[in-house]
Amino acid sequence: MTKLFSRTFCTSLEEAKVNHEISEKIKLLQTFLKPQHLDIQPVLHNESSWLLAEKELQKMNAFKAPQEKLSSIMNCCRVINNLLLNDAMSEHVPAGADDFLPLLIYVTIKANPPMLHSNLKFIKLYRRQTKLISEAEYYFTNLVSAKTFIIDLNAKSLSMDEIKFEECMQEAKLANKLTNESHSTCQMKHQEKNDCMLSIKMHNKVLDFDVLQDGSNYPYMEAKSKDLEMEDVDILLHHYKDLVSKHTRLCKAINCLPVLEKESLLRQIEMHGNSTNTNDQTTSQ
C-alpha cells in the first residue's frame, strides 16, 4: 500500500472537496467551541492529555500504510480512554462510554487533522478486515462518528443557543476572510519585494557583463557554464520567459498578416539572420 499510495489515496476532486469543507468548518468551530458546548464534564478538562491526543491524531496523515494510520487513531483514543479511566478511579465510578465520543469530537476539532475524510476512507478500504476488529474497530468507528457529527454540526447539536451559534459562525467566517486577505496581501508584497530585488540583481549583472563584453547587450552570449553562479539561474529563467513571451506574441502577430505580407516579412527576417551570421563569421576571422 505504501507503493500504491499515490494511486489509492484521495484520487478524486470530489473527495478533495469534502476534505476541504470539513477542514474549513473545523477552523470556524475552533474560534468559539468550548468543552461545555459538548457537555464535557469539568473533571475531564485536561489540556495536557488533550494536546497529546491531538498530536497523535495529526500524525495520521503523515503515514502511507493503512495500519500506521489506524495506529495513530488508536493512540489518540487510548489517551482519551486513559483520561476517562483515571477520572473513574479517582471518583470510584465506572468509566462512562458516553463521555468518550464527546471528548473525541472535541479533540478532533482542536486537532483539525489534515485530509480527515480521505484518511478514514483509506483505512476502511485497505486495512485488512480481520485486523479491523475489537479495540481497533471500536476506536475507528468512533472517529467516523465524530467526523459525521462535525459535518452535520449545528446549534441543535450543541448545548448552545441557535442565534448565538449563528453569530459565532458569521464572526468566525469574517475573521477567516480577513486573515486570508491579509495573508494574500503579505504574499503579494513579498513577491513584489522579490521581483524588485531580482530586477536590481539583473540590472547589476547586465552592467557587469557589459563592461566585460565591451558594451554587449547579451551578457551571457560569451559566458560558459563554469562562469555562472546560482543567482544567474533566476536571471536566465527570467530572460527565457521573456523571450518565449515575445516569441509567442510575434508569431501571433505574423499569423494575423495577409499571406503576401507574411511571406515578405519572413524573407526579411531570414535575410537579416543570414546577414548577422555573415558578420559574426567575418568578425571571428
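Just so it is clear, the values below take in all heavy atoms, side chains as well, and ignore hydrogens, waters and symmetry mates.
Figure legend: cation-pi geometry between Lys69 and Tyr126 absent, as NZ or CZ is not positioned both under 6.0 Å from the six-membered ring centre and within 45° of its axis.
Under the 3.5 Å distance criterion, the side-chain polar atoms of Lys25 are matched with a main-chain donor or acceptor of Leu153. Under a 3.5 Å cut-off, the side chain of Gln58 and the backbone N or O of Pro113 do not form any donor-acceptor pair. Of the possible polar contacts, none joining the Glu162 side chain to the Lys156 backbone as a donor-acceptor pair under 3.5 Å is found. Panel note: side chain Lys147, backbone His117; no donor-acceptor pair is recorded below 3.5 Å. Remark: the backbone N or O of Met115 is paired with a side-chain donor or acceptor of Asn119 at under 3.5 angstrom. The backbone N or O of Arg7 lies less than 3.5 Å from no partner atom in the side chain of Thr11, so there is not a single donor-acceptor pair.
Scanning all heavy atoms of the two residues, the minimum distance from Leu132 to Leu70 falls at CD1-CD2, 3.6 Å. In this structure, Leu28 and Thr31 approach most closely via the heavy-atom pair O-OG1, 2.6 Å. Across Phe5 and Lys64, no two heavy atoms sit closer than the pair CD1-O, 3.4 Å. Closest approach of Gln30 and Lys110 over heavy atoms only: NE2-O, 3.2 Å. Contact detail for Phe122 and Ala65: the closest heavy-atom pair is CE2-C, 4.2 Å.
A distance of 12.0 Å separates CG in Asn46 from CD1 in Ile40, rounded to the nearest 0.5 Å. From Ser71, atom OG reaches atom CG of Asn75 across 6.5 Å, with rounding to the nearest 0.5 Å. We find the CG-CZ distance between Leu104 and Phe149 to be 11.5 Å, quoted to the nearest 0.5 Å. Atoms CD1 and CD1, from Ile150 and Ile22 in turn, are 8.0 Å apart once rounded to the nearest 0.5 Å. To the nearest 0.5 Å, the span separating CZ on Arg78 from SG on Cys76 amounts to 11.5 Å. Taking NZ of Lys124 as the start and CD of Gln129 as the end, the distance is 9.0 Å to the nearest 0.5 Å.
Taking a 6.0 Å sphere around NE2 of His45, one finds it holds more than 12 heavy atoms contributed by other residues, nucleotides or ligands. Heavy atoms from other residues, nucleotides or ligands lying under 6.0 Å from CD1 of Ile163 number 12 at most.
Both Leu103 and Met74 are assigned to one and the same hydrophobic cluster, defined by single-linkage of ILVMFWY side chains at heavy-atom distances under 4.5 Å. Linking ILVMFWY side-chain heavy atoms closer than 4.5 Å, directly or via other members, places Leu52 and Leu57 in two distinct hydrophobic clusters. Under the 4.5 Å side-chain heavy-atom criterion for grouping Ile, Leu, Val, Met, Phe, Trp and Tyr, Phe165 is connected to Ile151 within one hydrophobic cluster. Val107 and Val79 fall into different hydrophobic clusters, where Ile, Leu, Val, Met, Phe, Trp and Tyr side chains are chained together by heavy-atom contacts under 4.5 Å. Hydrophobic clustering (side-chain heavy atoms under 4.5 Å, transitive across Ile, Leu, Val, Met, Phe, Trp, Tyr) groups Phe32 together with Trp50.
Contact annotation: the side chain of Tyr106 never approaches that of His37 to less than 4.5 Å [non-hydrogen atoms, C-beta and beyond]. Between Glu56 and Ile73 the shortest side-chain heavy-atom distance does not fall below 4.5 Å. Inter-residue side-chain proximity for Leu33 and Leu38 is flagged as met; some heavy-atom pair is nearer than 4.5 Å.
For the 3.5 Å distance criterion, the side chains of Ser72 and Glu68 fail to qualify, holding no donor opposite an acceptor. Using a 3.5 Å distance cut-off with no hydrogens or angles, the side chains of Asp242 and Ser245 do not pair a donor with an acceptor.
In summary, of the residues considered (Leu125, Leu143, Thr148), a side chain to side chain contact (heavy atoms under 4.5 Å, CB included) with Leu120 occurs for Leu143 alone.
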Between Cys10 and Asn19, is the side-chain contact (heavy atoms from CB on, under 4.5 Å) condition met? List the steps. CA-CA 9 Å; Cys10 192; Asn19 286 321; 3.7 Å; yes
Intermediate values then yes/no, side-chain contact (heavy atoms from CB on, under 4.5 Å), Met60 and Leu116: CA-CA 9 Å; Met60 175 173 57; Leu116 177 60; 4.0 Å; yes
Applying side-chain contact (heavy atoms from CB on, under 4.5 Å), run through Gln67 and Arg127 and close with a yes or a no. CA-CA 6 Å; Gln67 184 272 333; Arg127 180 56 176 155; 3.4 Å; yes
Applying side-chain hydrogen bond (donor to acceptor under 3.5 Å, both in side chains) to Asn142 and Ser145, what does each step give before you reach the verdict? CA-CA 5 Å; Asn142 270 276; Ser145 299; 5.6 Å; no
Please step through side-chain contact (heavy atoms from CB on, under 4.5 Å) for the pair Asn61 and Phe9, ending with a clear verdict. CA-CA 11 Å; Asn61 196 57; Phe9 183 81; 3.9 Å; yes
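Look at Glu24 and Lys27 and you find a salt bridge, because one of the NZ, NE, NH1 or NH2 atoms lies within 4.0 Å of a carboxylate O, short of that distance.
Aromatic ring pairs are classed by plane angle as parallel below 30°, tilted from 30° to 60° and perpendicular above 60°; the pair Tyr138 and Phe100 is tilted.
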